Amino acid sequence: LHAALVVRTFRLRPFHFLLATGGGYAGYRQYEKYKEEQLEKMGIEIPIKLASEWEVSLYKSVPTRLLSRAWGRLNQVELPTWLRKPVYSLYIWTFGVNMKEAAVEDLHHYRNLSEFFRRKLKPQSRPVCCYHSVISPSDGKILNFGQVKNCEVEQVKGVTYSLESFLGPCTSTEDMQFSQTSSCSSLQNQLVTKEGNELYHCVIYLAPGDYHCFHSPTDWRVSHRRHFPGSLMSVNPGVARWIKELFCHNERVVLSGDWKHGFFSLTAVGATNVGSIRIYFDRDLRTNSPCYSKGSYNDFSFITNNNKEGIPMRKGEHLGEFNLG
Amino acid sequence: STIVLIFEAPKNFNFHLKPGQKIRFGEALGSL
């Protein structure tokens, strides 16, 4: 009996330790968040606290891709009809989903959470602005926008990432809008094809409750796709403020081509819960797949002998979607 | 998940946005 008690106590200790340290850390993060909110209310600018290298390495060591795939598999399990309404209602309540905009409002219609997540909208719920040349490709929150300077792009104010790391090295193929180059500064110059033009960027964060399909932001032609398998860290604004080059670490699909003013690209960046990306006209694309290793990339050209212009996209046209896991 | 747009445009391109604002698909991002 004594031995059994000792073993039991010993077994419980790691759990207690994890609970205490995890709880302590969560409490500390909440306190930090509270302090930041108070400073923001007082109009004081919050100093940027970037994650150190070991913190990024530690986060990257978490098997986020495996977790994401497990999450995806779990959400593909068909729910019994009686369970659908309570499960989806909890999701709606937690993430503030507006079901009145959904093409199908009846919750029993969606066989699993993945299908619910991919729900379509009523056509009249999102009128496409016809007066402006660039529209929002998705629902979300604007994290940052502006001009690209010195080959650095801002993911949030003051936290940058390298344009070259994000888009990958230049290719010399004819289908890309830019040619072989050796330095980063010239990459920006090479992307700008017309004199007097500048390079601009815009970052839109999609929260879990948002409509997760994305559309063409303008009239353009997609000539190239580059898929970067990578980590699947969270991309919420707090993490984007904490980890420099976050979007360069994560799995992403870069679609590039041209519009009436020159180079144009749209990149879909994955996250832990939303690990896979689908592009409707690209049937060969497989994201969040174990067969790809981090750090590599896969190119695909839409320019063929039969189609020298690539894939023409109209403003507002369906382009792709994010999927759970 | 996040969408990043990087594009070339003339110098007089203007964004009609504020950082942190909510946006919906189809609304204006910017124009010349």
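Computed over heavy atoms, backbone and side chain alike; hydrogens, waters and symmetry mates excluded. The chains referred to below are lettered A, B, ... by the order of the sequence lines, with proteins before strands, and numbering in each begins at 1. Quantities reported herein were computed from a predicted structural model and do not represent experimental measurements.
In terms of heavy-atom pairs under 4.5 angstrom with chain B, the leader among A:Val203, A:Leu121, A:Val156 is A:Val203. When the candidates B:Leu32, B:Ile3, B:Asn12, B:Leu17 are compared by the number of heavy-atom contacts under 4.5 Å with chain A, B:Ile3 comes out ahead. The candidate with the highest count of non-hydrogen atom pairs below 4.5 Å against chain B, out of A:Cys213, A:Gly146, A:Cys202, A:Ser234, is A:Cys202. Listed options A:Lys194, A:Glu198, A:Glu195, A:Lys141 were ranked by heavy-atom pairs under 4.5 angstrom with chain B; first place goes to A:Glu198. When A:Ala207, A:Ser138, A:Pro208 are compared by the number of non-hydrogen pairs under 4.5 Å with chain B, A:Ser138 comes out ahead. The choice from A:Leu199, A:Asp210, A:Leu255 that makes the most heavy-atom pairs within less than 4.5 Å of chain B is A:Leu199. Ranked by heavy-atom pairs under 4.5 Å with chain B, the list A:Gly140, A:Gly196, A:Pro127, A:Cys129 is led by A:Gly140.
Counting heavy atoms from C-beta outward, B:Pro19 and A:Lys157 have side chains that stay 4.5 Å or more apart. Taking 4.5 Å as the limit, every side-chain heavy atom of A:Val134 sits out of range of all side-chain heavy atoms of B:Phe15. Counting heavy atoms from C-beta on, the side chains of A:Arg252 and B:Val4 never come closer than 4.5 Å. A heavy-atom distance below 4.5 Å is found between the side chains of A:Ile142 and B:Leu29.
When heavy atoms are compared at a cutoff of 4.5 Å, A:Thr218 does not approach chain B at all. Contact annotation for A:Trp220: neither backbone nor side-chain heavy atoms come within less than 4.5 Å of a heavy atom of chain B. Neither the backbone nor the side chain of A:Glu154 comes within contact range of chain B; no heavy atoms are under 4.5 Å apart.
At distances below 3.5 Å, not a single donor-acceptor pair connects side-chain atoms of A:Ser136 with backbone N or O atoms of B:Glu27. When atom types are taken as modelled, the side chain of B:Glu8 and the backbone of A:Asn197 share no donor-acceptor pair closer than 3.5 angstrom. Distance alone, capped at 3.5 Å, is enough to place a donor-acceptor pair between the A:Tyr200 side chain and the B:Lys11 backbone.
The two atoms that bring B:Ser31 and A:Ser133 nearest to each other are CA-OG, 3.5 Å, heavy atoms only. Contact record, B:Gly26 with A:Ile135: O-CG2, 3.6 Å, taken as the closest heavy-atom pair. Considering all non-hydrogen atoms of both residues, B:Thr2 and A:Phe322 come closest at O-CZ, 3.7 Å. Shortest non-hydrogen contact noted between B:Phe25 and A:Pro137 is CD1-O, 3.9 Å.
Residues of residues 266-278 of chain A lying within less than 4.5 angstrom of chain B, judged on heavy atoms, are A:Leu266, A:Thr267, A:Ala268, A:Val269, A:Ala271, A:Val274 in numerical order.
Here B:Ile6 contributes atom CD1 and A:Phe263 contributes atom CZ; the two are 7.0 Å apart, rounded to the nearest 0.5 Å.
Residues forming a salt bridge (charged side-chain N to carboxylate O under 4.0 Å, His left out) with A:Arg225 (at least two apart in sequence, or on another chain): A:Asp282.
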